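Notes follow once the structure below has been shown.
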Amino acid sequence: MQYNPSEIEKKWQQFWSEHRSFEPSEDVTQKKKYILSMFPFPSGRLHMGHVRNYSIGDAFARYYRQQGYNVLHPIGWDSFGMPAENAAIKHGAHPKQWTYDNIAYMCHELATLGLSFSKEREFATSDELYTKFEQGFIIDMFDQGLLYRKKGLLNWCPHDQTVLANEQVVEGCCWRCDTPIIKKEMYQYYFKITQYADALLDDLKQLKSGWPKQVLTMQENWIGKSEGLAFTLLFDAQSQELLNHNSKGFEVFTTRPDTIYGVTYTALAPEHDIVTYMIENGLLDDATIAAITAMKNSSSVERQKSKSGVPLNLHVTHPLTQETIPVWVANFVLMDYGSGAVMAVPAHDQRDYDFATQYDLHVKPVIKPRHNASVEAGAYTESGELYNSERFDGYDSIEAQSAIMAYFEAEQLGKRVTNYKLKDWGISRQRYWGAPIPFVHCDTCGLVMEKKENLPIALPDDVDITGEGNPLENHPTWKLCRCPQCGGDATRECDTMDTFVESSWYFLRYCASACNWEREPFSKEQLAYWMGVDHYIGGIEHAILHLLYARFFTKVFRDLGYLDFDEPFEKLLTQGMVLKDGAKMSKSKGNTVDPDALVSQYGADTARLFILFAAPPTQELEWNDNAVEGAYRFLKRLYDRSSHVYATTTLPKIEHATLSKEQKFARKKVYEALVRAEEVYTQRYTFNTMIAGVMEAMNALNEQENSDVWTEGYWILLAILEPIVPHICWELSEQLFERCNFKPNTVIDEVFEVDTITLGLSVNGKRRSEMEVGVNETQAAIVNKAKTALEKWIEGKVIVKEIVVPNKLVNIVVKGS
RNA sequence: GCGGACGUGGUGGAAUUGGUAGACACGCCAGACUUAGGAUCUGGUGCCGCAAGGCGUGGAGGUUCAAGUCCUCUCGUCCGCACCA
């Protein structure tokens, strides 16, 4: 019989579907595993990255099913988002139509891969039911003060007339029309993720054993906790007068309080309140205002290219020296970090130095470079001994930091504070294809939340998607509504939510079974049973945003009482990219390989085998058509050589001692593969080495003819391979073993017992020869035999040392000529 | 600039704790079977060398009987963040 993948694969896919083979059990007393690959965006077609992602996840899911676990392995669709609207703009398709057509098509593609997904929990995040539950959470979060609306500085595309997410800004320009973006102040809904900054940082410790170090570090840096001193710089009398006594001063933050005596100027962000006040009240000349306006309107990229600033004709008093210090506006001061104002120490900060040099500002050194430090031109940013620092002269930088902070606190001049780079998460999008934010603007009551019984606030189907403006805002009637509070005329919020909101809780939704599917998003019991996700598999590109947001939602839901754990994903596996000709596969480069074509040519099993064999899952995978062919040949051999195997429903009993050398070796290889498989599935995830082990075992089986050994070998190898190449394994196992072999197989120790061992022989650590010795030979006998074998290399030399590493090697150390 | 990952044959990659470097596969070479093969099977294949032997895990040192693995320095590639005060 010939290996015919298309026939076999169709047969088993149908079988699995008819038998609901992969639906999890409702019995919560069973041991469970929750295996999750990140759900796809329905872009239209599957790409190789998807195939890799789902092949890895499927391997885990199938392995744990074999091991007797109740496995949840769901799939769904992250189906809101810009690409649907872009397709509408480009091709005139309705976003909804486009999305659900794509889902239908990709569903079919996924089915041909033979992935063991639970189908009964599948959903798309654009489903109204999902929107309804999500809007409910939004209301809860608003009640808890975790959602608020405020004016914020946003990325604005002047051409497309919309706000863009940071990730939609490519090198300072709009990703769609390439127009340079500007910062614009607008109303915006924010999640108060900063309230959880410390928890998000601290709980990374819980993830140390299960998450890649790289991801933990990226999250840590993103949160960006830094501790330092915050204090107020007070204006001198003249400046206060100038400001009509509207401001006494402003706060600054520093992580280097030891350099405080070196402050020679201070700088405000162009967006700072004081600056705004001065502009609005005519306190600045036109040239200055023009310069500040230019700073505000320049893109962030531009702003980084060169430093610029203007003096404000204001002065503050140094809190310790009482010196008078000029106040500048500088483009490098960011409004959204710290207090939007800095104390500048040009002598010990490169950025401050550059600015001071450019504008000829005073530089005052206060830290002596260490003797061994190389003193170059510019700022000395290392630690050292303080001078020019009054009572703190002679202190070491490190001591000085705590001493100065203590002094500020004692004198009530300032306080220790912690700052984060993490900002509150702005979720408003002026977009159609997203979940509406469930709020209402009422002239009488102000901003009012919808009532839960009115949910979902669904999208209207009849919209014009032009790419300009907000389609919901432009819709003639959709936004008109009654105020949930006073019943008067009101308008709906027309912003929709960032799609990262949907992906922040989809893994919880999968825990809900049919029994309460419509009624509630999930139950606490179901979450308690299925969560956390045991293996979460996805691309490294989600290392920060998605994974941080999902962690945030989990903590919020915990505090809202929906669940009882801190972290959603126990083990995270970040897969590498799929490359071709050294570059990421992409349509624009024309180096894609179409999964459909691959499956129809070789079958899903070949695609899956190649993808898992070509590289460890965390590494980049270089596509190789020849190697795909090789994977196919292996499966063909696996199918052909089953002719050596007889049908049975029990593992053959084999008298190991009676076997020939080749037969013993084949058994050993088979059981080695079994041992390695367990390690790989549970600890190492290097499926490539496991597959190599199976290939070695196959090669060894082929060197002998004992049908018991063949049969035992297939019994075990098919079980190991089933999670990787399920169709061929189910087919062969059905024919030969009635699938009795798909369960935990026991390792038999006797196959690893050997009569002789081959030892490596080396002289001075250099390998020279090898020899075979009996397992029971004494060390002395081994050394003697080794010396004889190594005669040629040790003749006439003095033996200094003899080292025997049991079962490995003998090393003779010699001296002299 | 800061942080992280990684450098092993012609190629993808093996080598749990320091212990026979190159498993497994691709490619290539040779042979067999074939009307034919881009099918299948068998054998070979790190580099230099006729051989003996020598050299080999980015480079330079070091520790050790023994280093791909540990330490120091250095070069290169990739990724993330970035005027963060």
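Because the structure is predicted, anything quoted here is derived from the model rather than measured. Residue numbering restarts at 1 for every chain, and letters A, B, ... go by the order of the sequence lines.
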Please list each protein N or O that sits under 3.5 Å from an N or O in nucleotides 69-73 of chain B, with the distance.
none

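- Under 4.0 Å is where a charged nitrogen must lie from a carboxylate oxygen, and between A:Arg256 and A:Asp349 no such pair does.
- Distances from the side chain of A:Asn811 to the nucleotides B:G56, B:A14, B:G19 place B:G19 closest.
- The base of B:U16 lies close enough to the side chain of A:Glu679 for a donor and an acceptor atom to sit less than 3.5 Å apart.
- Using a 4.0 Å cut-off between charged side-chain N and carboxylate O, A:Glu777 and A:Lys785 make a salt bridge.
- No option in A:Tyr602, A:Tyr632, A:Trp623 other than A:Trp623 meets the ring pair (Phe, Tyr, Trp, His ring centres under 6.0 Å) test with A:Phe610.
- One cannot find a donor-acceptor pair under 3.5 Å joining the base of B:A85 and the side-chain atoms of A:Arg256.
- When each of A:Ile544 and A:Val342 is assigned the nucleotide of RNA chain B with its nearest heavy atom, A:Ile544 is the one assigned upstream, toward the 5' end.
- At the phosphate of B:A15, OP1 or OP2 sits under 4.0 Å from a side-chain N or O atom of A:Arg684.
- In this structure, the nucleotide among B:A85, B:G13, B:C41 sitting nearest to the side chain of A:Arg641 is B:C41.
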Polar atom pairs between nucleotides 1-9 of chain B and protein, under 3.5 Å, N or O only, would you list them?
| unit_1 | atom_1 | unit_2 | atom_2 | d |
| --- | --- | --- | --- | --- |
| B:G3 | O2' | A:Asn221 | ND2 | 3.4 |

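- Regarding the sugar-base torsion, B:G9 falls in the syn class, its angle being within 90° of 0.
- Within the 4.0 angstrom heavy-atom criterion, only backbone atoms of the sugar-phosphate kind lie near A:Val813; the bases stay farther away.
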Dump the pairs, protein N or O against N or O of nucleotides 22-28 of chain B, anything under 3.5 Å, distances to one decimal.
| unit_1 | atom_1 | unit_2 | atom_2 | d |
| --- | --- | --- | --- | --- |
| B:A23 | O2' | A:Glu696 | OE1 | 3.4 |
| B:A23 | O2' | A:Glu696 | OE2 | 2.9 |
| B:A25 | OP1 | A:Asn699 | ND2 | 3.3 |
| B:C26 | OP1 | A:Arg633 | NH2 | 2.8 |

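- For A:Lys801 and B:C65, the shortest distance from a side-chain N or O to OP1 or OP2 is below 4.0 Å.
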